[in-house]
2 protein chains.
Amino acid sequence: MPDTALQDYLKAVYKLQETAGSEPGPAGEPVSTSALSERLGVSQASVTGMLKKLARKDFVSHEPYRGVRLTEAGRRVAVATIRRHRIVEQFLVEALGFTWDEVDEEAEILEHAVSEKVVNRMWEVLGRPRSDPHGSPIPSSEGVIEPESDARPLTETPVETPVRVTRIRNRSPDELRYLGGLGLELGAELVLEEKAPFDGPLLIRVGGRRHALDPRFAHAVLVE
Amino acid sequence: MPDTALQDYLKAVYKLQETAGSEPGPAGEPVSTSALSERLGVSQASVTGMLKKLARKDFVSHEPYRGVRLTEAGRRVAVATIRRHRIVEQFLVEALGFTWDEVDEEAEILEHAVSEKVVNRMWEVLGRPRSDPHGSPIPSSEGVIEPESDARPLTETPVETPVRVTRIRNRSPDELRYLGGLGLELGAELVLEEKAPFDGPLLIRVGGRRHALDPRFAHAVLVE
DNA sequence: CGGGATATTTAGCCTTGCCTAACTTTTTCT
DNA sequence: AGAAAAAGTTAGGCAAGGCTAAATATCCCG
């Protein structure tokens with residue numbers, strides 16, 4: 001695909017706006033050059049260059065020195081890319097027997113190669129799933145993302161109350177395998193037993209077993 | 001993928017060596033710059049440039065003004081690319097419900113995006129097929145291509161002898177739909193009723209129906 | 001408020017793969 | 001054979017997307 005880079009940048013802007021706790025799009029928080037540089041593994045100068053191009057094509061609005069935000073057109077491209085990514089992931093797991101830790105890497109490439117026709121067929125064959133193997137919602141072909149009920153990071157859940165894992169926002173195969181090893185899979189029941197004062201490890205109980213959980217992981221685990 | 005162009009060139013050299021009736025590889029017929037230019041839809045100058053690069057990397061041997069042939073390394077890359085292409089095509093038809101005329105285009109892109117792991121899983125899920133939707137053999141993962149029994153072009157088959165369609169070497173969706181409309185599908189029985197003297201249309205009978213067949217199509221239909 | 005630290009942009013360069021135009025080699029045809 | 005045609009190569013450019021180094025904005029803190 002010729003616009004692999006373009007899609008990757010827009011997706012990164014989208015996710016960073018989202019991470020900032022804002023609606024990705026013209027109204028959300030702007031995203032800094034350095035954040036994009038880090039996320040994409042590319043020099044800041046390269047980011048600036050690409051942002052100018054994206055701004056010229058009206059996919060982002062760029063105020064020099066103050067970051068970018070997606071335009072409506074940019075948001076559409078980003079969401080379509082995320083849709084392809086998540087459907088491909090789900091397909092790799094459900095139809096081809098991959099494990100959840102292997103699929104992000106593969107999908108990162110396939111999301112740029114798979115046509116709308118192919119991805120829509122995959123989605124049909126899978127029975128029109130609403131989420132991917134990590135519990136992330138699959139946007140509709142019209143670009144709508146169903147809001148996630150009331151899932152919250154494990155770090156913000158009350159102590160001694162049973163909750164269920166609904167989503168795991170983590171892309172590292174190693175870390176996903178580690179979490180899976182603890183029994184932290186989608187749908188797993190768990191109880192938060194002890195929350196460290198500031199940013200220390202959490203103590204959780206999953207399937208009768210107790211584990212200490214690094215807060216960085218815990219933040220990526222959404223429960224309800 | 002970074003080496004999309006490289007794979008496309010090597011695949012084209014492979015197919016052109018093969019078309020010349022020779023074993024693709026160091027021993028086969030050399031392929032001309034202009035043949036590659038036409039097949040790849042790229043200027044002759046561009047072909048020359050790329051051939052120099054491929055020669056530098058030892059994927060082809062290039063005698064200036066006299067064409068190129070694949071080295072053993074080049075053959076391996078070409079065959080692996082063809083394997084991915086054909087497995088993807090078969091998968092699109094068998095697992096995703098595409099029709100045989102739609103899949104070449106899609107596979108042309110996916111062949112560069114799909115990892116060995118993914119393509120091998122597809123092949124397993126399909127039940128280890130030996131050929132693709134057009135009857136073309138799927139190379140093994142070691143790069144071996146089973147020789148096709150004694151399939152011959154329809155143009156070289158004796159008159160009034162029933163034969164069976166084993167392969168259709170044609171990539172144009174329009175033409176494939178046209179052939180399908182005549183009943184010329186894999187496995188179809190047909191009889192060649194009349195062969196024009198030099199290069200005129202053939203008269204064939206398929207499933208009780210008689211059709212005139214342009215010799216260019218007829219050459220692409222292999223039978224046994 | 002001023003200045004150093006940090007973030008961002010600009011300038012200049014590289015590689016890929018493509019292009020056209022001009023030149024050279026090979027082929028073909030009389 | 002010898003010239004015209006065809007095929008192939010070289011030269012010079014362009015757009016994409018990267019990079020580093022240098023210049024400039026912004027931020028933050030004493």
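What you are looking at is a predicted structure, and each value in this text was computed from that prediction instead of being measured. We name chains A, B, ... by the order of the sequence lines, and we start the count at 1 in each one.
- With a 6.0 Å cutoff to the six-membered ring centre and a 45° limit on the axis angle, Arg177(A) does not count as a cation-pi contact of Trp100(A).
- Atom CG in Leu40(B) sits about 14 Å away from atom P in dG8(D), given to the nearest Å.
- Distances shorter than 4.0 Å separate none of the side-chain N or O atoms of Arg66(A) from OP1 or OP2 on dT9(C).
- Using a 4.5 Å cut-off on side-chain heavy atoms (C-beta onward), Glu89(B) and Asp132(B) make contact.
- For His62(A), no side-chain nitrogen or oxygen approaches OP1 or OP2 of dT8(C) to under 4.0 Å.
- Leu36(B) places its CG atom 15 Å from the C1' atom of dC18(C), with the value rounded to the nearest Å.
- Across all strands shown, Ser34(A) has heavy atoms under 4.0 Å from sugar-phosphate atoms exclusively, and none from any base.
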I need a per-nucleotide contact map over nucleotides 12-20 of chain D, read 5' to 3'. Cutoff is protein heavy atoms under 4.0 Å; write B for the base, S for backbone only, - otherwise. ----SSSBB

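- Rounded to a whole Å, the CG atom of Leu54(B) is 9 Å from the P atom of dG17(C).
- The distance from atom CD of Glu63(A) to atom P of dT8(C) is 13 Å, rounded to the nearest whole Å.
- Within the cation-pi definition used here (under 6.0 Å to the ring centroid, within 45° of the axis), Arg84(B) does not qualify as a partner of Trp123(B).
- Using a cutoff of 4.0 Å between basic side-chain nitrogens and carboxylate oxygens, Arg171(B) and Glu105(B) are not scored as salt-bridged.
- Proximity of the aromatic rings of Phe217(B) and Tyr178(B) is defined here by a centroid distance below 6.0 angstrom, and this criterion is met.
- The side-chain heavy atoms of Lys57(A) and Leu6(A), taken from C-beta on, include a pair separated by under 4.5 Å.
- For Tyr65(A) and dA25(D), the OH to C1' distance is 5 Å, given to the nearest whole Å.
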